[in-house]
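Just so we're on the same page: letters track the sequence lines, and every chain starts at 1.
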Amino acid sequence: MSEPASRYNAKESEAKWQAVWADRRSFAAGEDFDRPKYYVLEMFPYPSGRIHMGHVRNYTMGDLVARYKRARGFNVLHPMGWDAFGLPAENAALENKVHPAKWTYENIANMKAQLQSMGLSLEWEREFATCDASYYRHQQAIFLDFLEAGLAYRRESWVNWDPSEHTVLANEQVIDGRGWRSGEPVERRKLSQWFFRITAYAEELLQALGDLERWPEKVRLMQANWIGRSEGCRLAFELEGRDDQVVVFTTRHDTIFGASFLALSADHPLAADLAAKDPKLAAFVEQCRKTGTSEEAMERAEKLGYDTGLRARHPFDPGKTVPVYVANFVLMEYGTGAIFGCPAHDQRDLDFARKYDLPVLPVVVPADADPATFEVGEEAYVGPGKLANSAFLDGMTVAQGKQEIADRVEAEKRGNREVNFRLRDWGVSRQRYWGCPIPVVHCEACGVVPVKREDLPVKLPDDVEFDRPGNPLDRHPTWRDVPCPACGKPAKRETDTFDTFVDSAWYFSRFCSPRSDKVVDRDAVDYWMPVDQYIGGVEHAILHLLYARFFTRAMQQCGYVGVAEPFAGLFTQGMVCHVTYRDDAGNWLLPAEVERTEDGALVHGPSGRRVTTGRSEKMSKSRKNVIDPEDIIDRYGADTARWFMLSDSPPERDLEWTESGAEGAWRFIQRIWRLFAADPGRLRPSYGAMPAFGDSALALRRATHIAIQSVTADIEGFRFNVAVAHIYELVNAIHAFKPTGEAGDQWALGEALRVLVRLIEPAMPHFAEEMWALAGNDGLVCQQPWPAADAALLVEDTATIAVQVNGKLRATLELARDLAEDDARAAALADERVQRSLDGKSVRKVIVVPNRIVNIVA
RNA sequence: GCCCUCUUGGCGGAAUUGGUAGACGCGCCAGACUCAAAAUCUGGUUUCCUUACGGAAGUCCCGGUUCGACUCCGGGAGAGGGCACCA
């Protein structure tokens, strides 16, 4: 027998157990659809090439949940895949002359090896990448269904066009009106684009948020704001000297008598009509289109208007007319593209009115103001009050006024109540190569014709050139040329590809039957969906999570899935942060480059220059405050990295990576290891009759069962940092255990150690397996059931009661549990320290909270 | 501008949801072991006064409710996040 090693060898152990799990397919989901299921999913990664600490944190949490739920007897689905289409692959192709497919699949191979080194309990057999034709062919099929269902359509829309790259840019890619890469001024162009009709579900998507009880309130709120429902009224104004009308949308129809102008969007048909005969207006419209494409630029832009000279008749005040402007701040895409302005009660209208010298008539007067003298100065009044200067509305509240106007408008057929949403249809066309081809063909005779289903997938061609910017599909010599599916004459393929958010909007459904010839196997999705626990970064709170919700509803409508909501539970984890370092010259430094000198100063290792420490920020390449997970795993092993990820910070908050914290996690593993290495046999299960326990053994048993109870509750409640603390307490109790030589000692210690191994397995799976085996147990600890706490051991027969005098703690008493109130009161009053602080004062009242506190009011 | 969240020792954080504030970890201090260092073990560690016993203050600030407030209410400050010409 060789000497036991003096330390736990993580590297050897981790490789060994990973091989065992893979060999035994320990984490494959069961095919038995009668068992209770649990679907755990972490947001799948983009294959950038290497995993980062954010991934480590995300997948550690998901793995903890998956392993815990398995132990609780659930049939667990825990798959992994790759969100593999996207721009970085094309940029790499441009810069490094490597094909996007090669670049992507090599990155996947690297990252897969890294994820596997973490020991995640994933079912790799279900792996796919969204760039696999075997995945995106089904996405193309879904698109054809959406097309038939009217959920996908094509229309002209304004886009940001980079003239030097020949491509459309997302709003985020336009910086100060210039392309982020080219630096060229961006043009607004009108292009035919594909859209998904997410607005058809606006109301549902909003209403259903209320039922997503296991979603963070914050995310639900953000989605609600994004959908942006507002109840208002559509209302027609007649134009003087013309037959047509201007229809406006408003949510403040109660303020109609304060109207002092109408404003049209520059893209409004009437504006175009007028501009045809008015060159100055035409110039103004042109100017509006040019100004800023980014949100920020639009916000800074001055509010400008052009008086068309037209006048509109007030719908309820026959004598009154108001001027009609074209204004740069009115959006064609929202409401009707026209508004009425009531300057007294809307800040933007007020600014506009002051600029163009239009009347400001208050029509809502706050309760404490005098209607005769109330005036609006620099700030519009948007609060509650009574209507005034408003004919038949005078004296009504805002709500009554709205109701009255809406009733009259509908009765007189001048308009109607209307609900509007901020949410827009989802534009999914991208002028890119590395994405899922949109399966349609453009035929001169037949127009836009869907590709026949039997001809799917429309595969990306491999032989493409990346020598120039723009979409290589456009210049491919042959790929575009196909016969029209309808008439058979020569036609052209669509060269746009889908937004990559489409790929990630349904992958969780595909995981249920990833090798199916169909889009999904209905049996499988009916069993597995919805995802019981989805985990990812809060940065996806709106786009990805909203698209996925829309997609699932749309797929339900098309008969693919039986659920409307994809994610029953959502958890958004915080970021991983690290302090930043800069040298004298202001260069960012990697933590690995920074050394501590003997006198404690920080210097740049190679140069010896002084280093200043900046505040902790999200790890980012630009700030260089990154720690490579691979380095940590090499040095300490995956279990240490995983343990640290769960310690200290609550999962939803940001976590600061520190070297000392990582070392602490490493030390903790060694500390447990010493418990076992001393005498591995102690862990061996004892099935004999339960012996009698001495006080010491009983105390250890209590600590063990309290740990089971607390850790279980902590995991269920996503308080992983608290679970970690409770495990520390158990280890401390085991270390402090002093055998008294009684029969129960070994039994209690064996129980404590077995429970400990079971409790740490979801967090430190390799180490737990190693300890389990070291102690001579059969099987794998990851297949052992979760322990149950013995209720009898959770309550002690005494309780520590705090005694307060006038709310201040004066003594603590060890009293029998559930002692009668009178006895507790008597015991408290009898205490010497209590008497001393009472100092002869008479007791007025005594409050007794059983097993907790006695408060004496004197 | 609108909406939301957070604020507790030197640091990360805990507190059974109104009942002993500071669990647990990091760091630090002291001691043991060692020729020494590392590792490990033991003890201490909110602040102030006191040699001690003990006492006082204390959860961003001000005020309130309560026998009792980190927790509930009102007002304010600071930090962070989301949306932002949405009529």
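Using a 4.0 Å cut-off between charged side-chain N and carboxylate O, A:Glu659 and A:Arg635 make a salt bridge. For the pair A:Arg229 and A:Glu203, the salt-bridge criterion is met [side-chain N within less than 4.0 Å of a carboxylate O]. A salt bridge is absent between A:Glu796 and A:Arg817: the closest approach of a Lys/Arg side-chain nitrogen to an acidic carboxylate oxygen does not fall below 4.0 angstrom. Salt-bridge check for A:Arg354 with A:Asp351: failed, with every basic side-chain N at 4.0 Å or more from each acidic carboxylate O.
As judged by a 4.0 angstrom heavy-atom cut-off over every strand, A:Asn420 is placed among residues making no nucleic acid contact. In this structure, A:Phe249 reaches the bases: a heavy-atom distance under 4.0 Å links it to at least one base atom across the strands shown. Heavy atoms of A:Gln804 sit under 4.0 angstrom from at least one base atom.
For A:Arg422, a side-chain nitrogen or oxygen approaches OP1 or OP2 of B:A84 to under 4.0 Å. Note on A:Lys808: every side-chain N or O is 4.0 Å or more away from OP1 and OP2 of B:A56.
Listed by residue number, A:Ile847, A:Val849, A:Arg852, A:Ile853, A:Asn855, A:Val857 are the residues of residues 847-858 of chain A with a heavy-atom contact under 4.0 Å to RNA chain B.
For the pairing with A:Tyr325, the ring-ring contact (aromatic ring centres under 6.0 Å, His included) check across A:Phe340, A:Phe352, A:Phe284 returns one residue only, A:Phe352.
Between A:Ser620 atom OG and A:Asn625 atom CG the span is 5.0 Å, to the nearest 0.5 Å.
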Return the polar atom pairs (N/O with N/O) between nucleotides 40-44 of chain B and the protein under 3.5 Å, or none.
{"residue": "B:U40", "atom": "O3'", "partner": "A:Arg674", "partner atom": "NH2", "Å": "3.2"}
{"residue": "B:C41", "atom": "OP1", "partner": "A:Arg671", "partner atom": "NH1", "Å": "3.1"}
{"residue": "B:C41", "atom": "OP1", "partner": "A:Arg674", "partner atom": "NH2", "Å": "3.4"}

Please tabulate, one pair per line, each protein N/O and nucleotide N/O from nucleotides 45-49 of chain B that are separated by under 3.5 Å, including the distance.
none

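Aromatic rings from A:Phe668 and A:Trp643 are positioned such that their centres are separated by under 6.0 Å.
Residues A:Ser260 and A:Tyr356 bring no donor and acceptor atom of their side chains to less than 3.5 Å of each other.
B:U50: glycosidic angle beyond 90° from 0, hence anti.
Nucleotide B:A32 forms a Watson-Crick or G-U wobble pair with B:U40, both donor-acceptor distances falling under 3.5 Å. Under the Watson-Crick or G-U wobble criterion, with both distances below 3.5 Å, B:A79 is paired with B:U5.
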